[in-house]
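Order of the sequence lines fixes the chain letters, A, B, ..., with proteins taken first and strands second; residue numbering starts at 1 for each chain.
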Protein chains: 2
Amino acid sequence: MDAKQKLTPGALYGLLGYRLRLAQQAVFRDFAVSVPGLSPGRVGLLIFIDANPGVTQSRLAEAVERDRSTMVGVLDQLEARSLIKRRRGEDRRTNGLWLTRAGCTLLARALRGIARHEKRIAARLSAAERRQLLELLGRISG
Amino acid sequence: MDAKQKLTPGALYGLLGYRLRLAQQAVFRDFAVSVPGLSPGRVGLLIFIDANPGVTQSRLAEAVERDRSTMVGVLDQLEARSLIKRRRGEDRRTNGLWLTRAGCTLLARALRGIARHEKRIAARLSAAERRQLLELLGRISG
DNA sequence: TCAAATTGTTTGGACGCCAAACAAAAACTC
DNA sequence: GAGTTTTTGTTTGGCGTCCAAACAATTTGA
């Protein structure tokens, strides 16, 4: 009942994958607080569509490194919430993607939340450290 | 057909959460190749149980920062594969966890796979960089 | 002794990953 | 131009992980 026996982390704590998961979990939790109602992944899509209006589903999926088939359901939901619209392209296989006005508005709000979020996260890192973290992460992503 | 219009990443690429996801995805993909048949999370559990035989479900969940309720199903599966066993503790609410012999064997094999995996990942980083990456990730995880 | 907390569990929901298949449309090949 | 191949969006199904709320059994604390 007294002191719980100490837990030895074993090899676990030295594993990159494990440490990445812990970090990502912490970041996502903070994100959820700062940007309610929109998951990191979804905001990412909105940001990307905003920066590339008319982008195709496949190219979007490729750009954010997600599966084409995963994209369908997510976009369905965003469309159902009237945040984006699809429009058939001249290549009639494709759907072009645009933000609706509501989507723009929500994105703007989300971006303010993200700013707070990033600020809170970055508070634990100096600017140089933050930059280097991104650099090292980039090296790992290939 | 020629040059696809360039996609501008927008604010996305500067976001820590996004970059963490990309890195983790890359690491997990490589992991899946190096350690077939066992997800990173599950190997983590085996490692932890091995280092802390008799550990309780709740304490295990807490240690690896997962939910108690998530743990149940995963442990069910590991037990169904005869990799671990549960045994009721003297506090009769608890289940103590141990690796079975098969679990030990599989873990040993997995650890060899992980060694290859980490080596391949670490190839993109110097030892110092790797150390610093872990340090920075730790800072973020809180 | 009685109320409160803990443990494992179930249920239900959400998100994201992947693989295999399919029809429509476009791009190639001959 | 006819026929094959490729691409695109889609559906389906499965897996892993996360979270919240509830519950019975058990232990702890008042």
Side-chain angles (χ1 to χ4, degrees), chain A residues 1-2 4 17-18 20-22 24-33 35-45 54-81 84 86-97, chain B residues 1-2 4 17-18 20-22 24-33 35-45 54-81 84 86-97:
Chain A
M1 76 242 334
D2 51 358
K4 309 184 179 186
Y18 181 66
L20 278 172
R21 180 178 77 82
L22 290 184
Q24 198 185 16
Q25 231 173 309
V27 169
F28 274 33
R29 263 194 298 255
D30 187 278
F31 190 100
V33 174
V35 190
L38 224 36
S39 78
R42 276 134 211 260
V43 177
L45 297 185
V55 68
T56 257
Q57 293 190 196
S58 285
R59 309 242 284 118
L60 175 59
E62 185 188 353
V64 299
E65 298 197 26
R66 287 210 242 160
D67 198 87
R68 219 162 76 245
S69 62
T70 304
M71 206 54 49
V72 177
V74 180
L75 293 178
D76 283 350
Q77 291 178 9
L78 293 178
E79 198 175 26
R81 290 173 65 182
I84 66 167
R86 296 188 239 217
R87 205 159 45 191
R88 185 180 283 100
E90 44 184 79
D91 176 341
R92 299 237 273 308
R93 290 170 300 183
T94 68
N95 288 335
L97 301 170
Chain B
M1 75 246 325
D2 51 359
K4 311 185 181 188
Y18 182 66
L20 278 171
R21 181 179 74 83
L22 291 184
Q24 199 185 15
Q25 231 174 310
V27 169
F28 274 34
R29 262 194 299 255
D30 186 279
F31 190 100
V33 173
V35 190
L38 226 35
S39 78
R42 277 134 209 258
V43 178
L45 297 184
V55 69
T56 259
Q57 292 189 197
S58 284
R59 311 240 287 115
L60 175 59
E62 185 187 353
V64 299
E65 299 197 25
R66 288 209 241 161
D67 197 86
R68 220 161 77 245
S69 62
T70 304
M71 205 55 51
V72 177
V74 180
L75 294 178
D76 282 351
Q77 290 177 10
L78 293 179
E79 199 176 25
R81 289 172 66 182
I84 65 167
R86 295 189 241 219
R87 203 159 44 189
R88 187 180 280 102
E90 46 182 79
D91 177 341
R92 300 237 273 309
R93 291 172 300 184
T94 68
N95 287 334
L97 301 171

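- Residue M71(B) contributes atom CE, which lies 14 Å from atom P of dG16(D) at whole-angstrom precision.
- The CG-P distance, from D67(B) to dG13(C), rounds to 17 Å in whole Å.
- T56(B) comes within 4.0 angstrom of the backbone, heavy atoms only, and of no base.
- Within the structure, every side-chain polar atom (N or O) of Q25(B) is placed at least 4.0 Å from both OP1 and OP2 of dG16(C).
- With rounding to whole Å, D30(A) atom CG is found 17 Å from dC19(D) atom C1'.
- A straight line from CZ of R93(B) to C1' of dA4(C) spans 11 Å, rounded to a whole angstrom.
- Heavy atoms of R29(A) sit under 4.0 angstrom from primed sugar atoms or phosphate atoms, though from no base atom.
- Between R42(B) and the phosphate of dT17(D), there is a side-chain N or O to OP1/OP2 separation shorter than 4.0 Å.
- As rounded to whole Å, 15 Å separates atom P of dC15(D) from atom CG of L78(B).
- Residue R86(B) places none of its side-chain N or O atoms closer than 4.0 Å to OP1 or OP2 of dG8(C).
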Exercise. With side chain to side chain contact (heavy atoms under 4.5 Å, CB included) as the test, would you mind laying out the steps for R68(A) and Q57(A) before giving the verdict?
Key: CA-CA 7 Å; R68(A) 219 162 76 245; Q57(A) 293 190 196; 5.9 Å; no
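- Atom pair E79(A):CD and dG9(D):C1' shows a separation of 13 Å (rounding to whole Å applied).
- For R66(A) and R88(A), each mapped to the nucleotide of DNA chain C holding its nearest heavy atom, the one lying further toward the 5' end belongs to R66(A).
- On a pure distance criterion of 3.5 Å, no polar donor-acceptor pair joins the side chain of T94(A) and the base of dA25(C).
- Nucleic acid contact for R68(A): base, since at least one base atom lies under 4.0 Å from a heavy atom of the residue.
- Looking at heavy-atom distances under 4.0 Å, S39(A) makes contact with sugar-phosphate atoms alone, never a base.
- Not one N or O on the side chain of T56(B) forms a donor-acceptor pair closer than 3.5 Å with the backbone of R59(B).
- For V74(A), whose side chain is taken as the heavy atoms from C-beta onward, the closest listed nucleotide among dT12(D), dG16(C), dT11(C) is dG16(C).
- Here CD of Q25(A) is found 11.5 Å from CG of L20(B). Values are rounded to the nearest 0.5 Å.
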Exercise. Please assess R87(A) against N95(A) for the test side chain to side chain contact (heavy atoms under 4.5 Å, CB included), listing each intermediate value before the final yes or no.
Key: CA-CA 5 Å; R87(A) 205 159 45 191; N95(A) 288 335; over 6 Å; no
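- Of the side-chain N and O atoms in S58(B), one or more sit less than 4.0 angstrom from OP1 or OP2 of dG8(C).
- The CG-P distance, from L45(B) to dG16(D), rounds to 12 Å in whole Å.
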Exercise. Would you sort out whether R81(B) and Q77(B) count as a side-chain hydrogen bond (donor to acceptor under 3.5 Å, both in side chains), showing the intermediate values?
Key: CA-CA 6 Å; R81(B) 289 172 66 182; Q77(B) 290 177 10; over 6 Å; no
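- When each of dT11(C), dA20(C), dC18(D) is scored by its nearest atom to the side-chain atoms of S69(B), the top-ranked nucleotide is dT11(C).
- Here L60(A) contributes atom CG and M71(A) contributes atom CE; the two are 5.0 Å apart, rounded to the nearest 0.5 Å.
- One finds no side-chain N or O of R92(A) lying less than 4.0 angstrom from the OP1 or OP2 phosphate oxygen of dA24(C).
- Nearest-nucleotide assignment on DNA chain C puts the 5′-proximal partner with V64(A), out of V64(A) and E90(A).
- Rounded to whole Å, the distance from CG on N95(B) to C1' on dA25(D) is 12 Å.
- Proximity of Q77(B) to the phosphate of dC15(D): no side-chain N or O atom is located under 4.0 Å from OP1 or OP2.
- The 5' end of DNA chain D is approached more closely, in terms of each residue's nearest nucleotide, by G96(A) than by the other of R21(A) and G96(A).
- Among dT10(C), dA25(C), dT10(D), the nucleotide with an atom closest to any side-chain atom of D91(A) is dA25(C).
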